[in-house]
Asker: 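Structure incoming, see below.
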Amino acid sequence: MGRSDDFAVPPGADPDRLTRHLHRAHDDFVSSGRADPSVRSLVLESWRRSLDGGLDPELDLPRVNLDDDELAEIRSWHPLAAGMPVIRRLLVESAGEAGLLVAVSDAAGQLLWVEGSHGLRSRAEGMHFVEGADWSERSAGTNAPGTALALDRPVQFLGPEHLARPVTPWSCSAAPIHDPDTGAILGVLDLTGGPEVATNQSLSLVRATVAAVEAELRILRLDHERSPVRSGGWSMPRLDVLGSHGATLRSGPTTSRLSLRHSELLLLLALSGDGLTTAELALGLSEEEQAAVTIRAEVSRLRQVLGPIELRSRPYRLAQPIRTDVSDVLEEIAAGRLRRAVAAYCGPVLPASTAPGVEDLRDAVHRRLRSALLASDDVDALLSFADTPHGRDDLDVWLRVLEVLPSSSPRHAEVVGQVDRLDAELSL
């Protein structure tokens with residue numbers, strides 16, 4: 001009978017004795033395919049997935065996919081960058097003193113940060129445990145970051161529970177980090193070192209740090225959404241309207257939340273180029289006929305909340321450009337940077353708005369991103385979009401994921417199930 005899947009070293013077990021036994025079980029499995037019943041089912045299932053995916057446990061090393069520039073670019077926009085101060089404070093500092101490594105991957109298993117003991121980092125380079133390397137199961141075989149990602153649960157492995165031979169001297173504990181709003185996997189937090197890492201206490205520490213990171217992301221998001229005024233510095237005024245019922249305007253040291261009507265007005269003006277006449281603004285704001293005096297009154301009230309941002313008349317136009325998150329998304333799409341476009345697309349444009357001009361913009365932005373994704377082979381960008389509330393029920397997107405996702409991927413069965421569910425719902 002196999003032992004519990006929860007912990008690599010059960011309470012009361014001798015780690016050295018268990019390691020020796022697992023080395024024999026590992027050798028037997030690699031050479032003959034025989035499964036020792038004492039090996040955890042979690043481990044055996046991962047071993048089989050890794051072999052089915054074509055991994056050679058004796059020769060293969062994880063692929064290093066990202067060069068320094070690509071790594072810096074992904075770090076610059078990745079949501080877990082905001083959680084790194086928490087990870088460093090709670091885990092990296094003590095891990096470095098204890099001679100351990102802390103790694104953070106993205107949702108595809110690519111290591112974005114590897115920090116901790118300098119000496120151990122040098123040793124880990126030999127098995128490609130470095131920033132920019134792909135430690136998903138399909139690339140690295142059984143390992144804590146990759147298997148935590150595949151199963152969406154905390155895991156830990158003791159030495160020879162890893163499948164790839166170069167990784168068997170190491171032990172690790174890892175847990176996935178989730179988006180506090182959507183529940184989508186953002187990445188994985190991993191603690192790597194010797195047998196002392198494969199303990200209940202180590203896994204509990206990793207899980208507690210993950211909880212703190214998710215809480216920090218939630219606090220930062222709520223602060224961004226709720227604070228009417230904050231300090232900071234921006235060289236150009238900025239308007240954020242994606243996924244929000246009211247726009248956020250940043251100008252100089254002030255950040256303000258706008259009413260829905262002011263959000264609609266300012267967005268239309270910010271994207272108008274040469275400006276809008278009273279009649280054009282009226283058409284953009286409502287399908288019903290709007291009196292010119294009503295529009296002038298709306299614009300007058302908007303001026304009162306714009307502060308130093310000058311709003312001119314005849315036609316109505318902004319004296320200085322305002323950057324929008326809509327422009328960010330469209331520029332990333334145009335440049336072919338779809339992962340960044342998906343990350344920047346926080347949701348539809350002012351989803352509560354029924355203003356025709358806003359509705360047209362909302363549909364255009366969503367269609368442009370969706371069309372670019374459907375024409376793309378970037379499975380990570382596709383999955384990132386599919387995991388969001390605005391992509392979760394999009395059958396065409398899930399079908400495209402299924403077309404480009406390797407059948408050996410840990411998420412293949414989940415994608416097939418989602419396609420079948422959506423197809424059945426549409427057939428009713």
Asker: Quick test of your reading of the model: are R24 and D36 salt-bridged, counting only N-O distances below 4.0 Å?
Answerer: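 Looking at R24 and D36, the cut-off is not met.
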
Asker: CZ of R368: more than 12 outside heavy atoms within 6.0 angstrom?
Answerer: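 No, the 6.0 Å shell around CZ holds no more than 12 heavy atoms from other groups.
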
Asker: Does R421 come within less than 4.0 Å of D393, counting only side-chain N to carboxylate O?
Answerer: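 Result for this pair is yes, salt bridge flagged.
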
Asker: So, applying side-chain hydrogen bond (donor to acceptor under 3.5 Å, both in side chains) with S46, which one of H162, E161, E137 is it?
Answerer: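 Running side-chain hydrogen bond (donor to acceptor under 3.5 Å, both in side chains) over H162, E161, E137 with S46 returns exactly one hit, E137.
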
Asker: So, applying salt bridge (charged side-chain N to carboxylate O under 4.0 Å, His left out) with R411, which one of D380, D152, D387 is it?
Answerer: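 Single salt bridge (charged side-chain N to carboxylate O under 4.0 Å, His left out) partner of R411 among D380, D152, D387: D387.
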
Asker: T324 and R238: side-chain contact (heavy atoms from CB on, under 4.5 Å), yes or no, with the steps?
Answerer: CA-CA 6 Å; T324 70; R238 178 177 176 86; over 6 Å; no

Asker: Any Lys/Arg nitrogen of R400 or D377 sitting under 4.0 Å from an Asp/Glu carboxylate oxygen of the other?
Answerer: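 A salt bridge links R400 with D377.
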
Asker: Do we get R339 above W77's six-membered ring, with its NZ or CZ under 6.0 Å from the centre and within 45° of the axis?
Answerer: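 Relative to the ring axis of W77, which defines the angle, R339 lies outside at least one limit.
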
Asker: Which heavy atom of V397 sits nearest a heavy atom of L382, and at what distance?
Answerer: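 Heavy atoms of V397 and L382 come nearest at CG1-O, 4.2 Å.
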
Asker: Give the ring-plane orientation class for H366 versus Y345, where under 30° counts as parallel, over 60° as perpendicular and anything between as tilted.
Answerer: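 The arrangement is tilted - the two ring planes meet at 30° to 60°.
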
Asker: Could you check if a side-chain atom of E73 sits within less than 4.5 angstrom of a side-chain atom of R340, using non-hydrogen atoms only?
Answerer: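 Yes. Closest side-chain heavy atoms under 4.5 Å.
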
Asker: I'd like to know if D27 pairs up with R165 as an ion pair, taking the criterion as any Lys NZ or Arg NE/NH1/NH2 lying under 4.0 Å from an Asp or Glu carboxylate oxygen.
Answerer: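 Result for this pair is yes, salt bridge flagged.
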
Asker: Should R48 and E45 count as an ion pair when the cut-off is N to O under 4.0 Å?
Answerer: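 Between E45 and R48 there is no salt bridge, as every charged N stays at least 4.0 Å from the carboxylate O atoms.
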
Asker: Side-chain contact test, heavy atoms from C-beta onward, threshold under 4.5 Å: evaluate it for R362 versus S353 and give yes or no.
Answerer: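 Yes; the side chains approach each other to less than 4.5 Å.
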
Asker: Contact between F385 and H390 at the side-chain level, heavy atoms closer than 4.5 Å - yes or no?
Answerer: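 Answer yes - side chains close enough.
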
Asker: Does V9 reach the side chain of Q156, with side-chain heavy atoms less than 4.5 Å apart?
Answerer: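 The answer is no; the side chains never approach within 4.5 Å.
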
Asker: Restricting to non-hydrogen atoms, name the atom on A140 and the atom on A164 that form the minimum distance, rounded to 0.1 Å.
Answerer: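 Shortest heavy-atom separation between A140 and A164 comes out as O-CB, 4.0 Å.
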
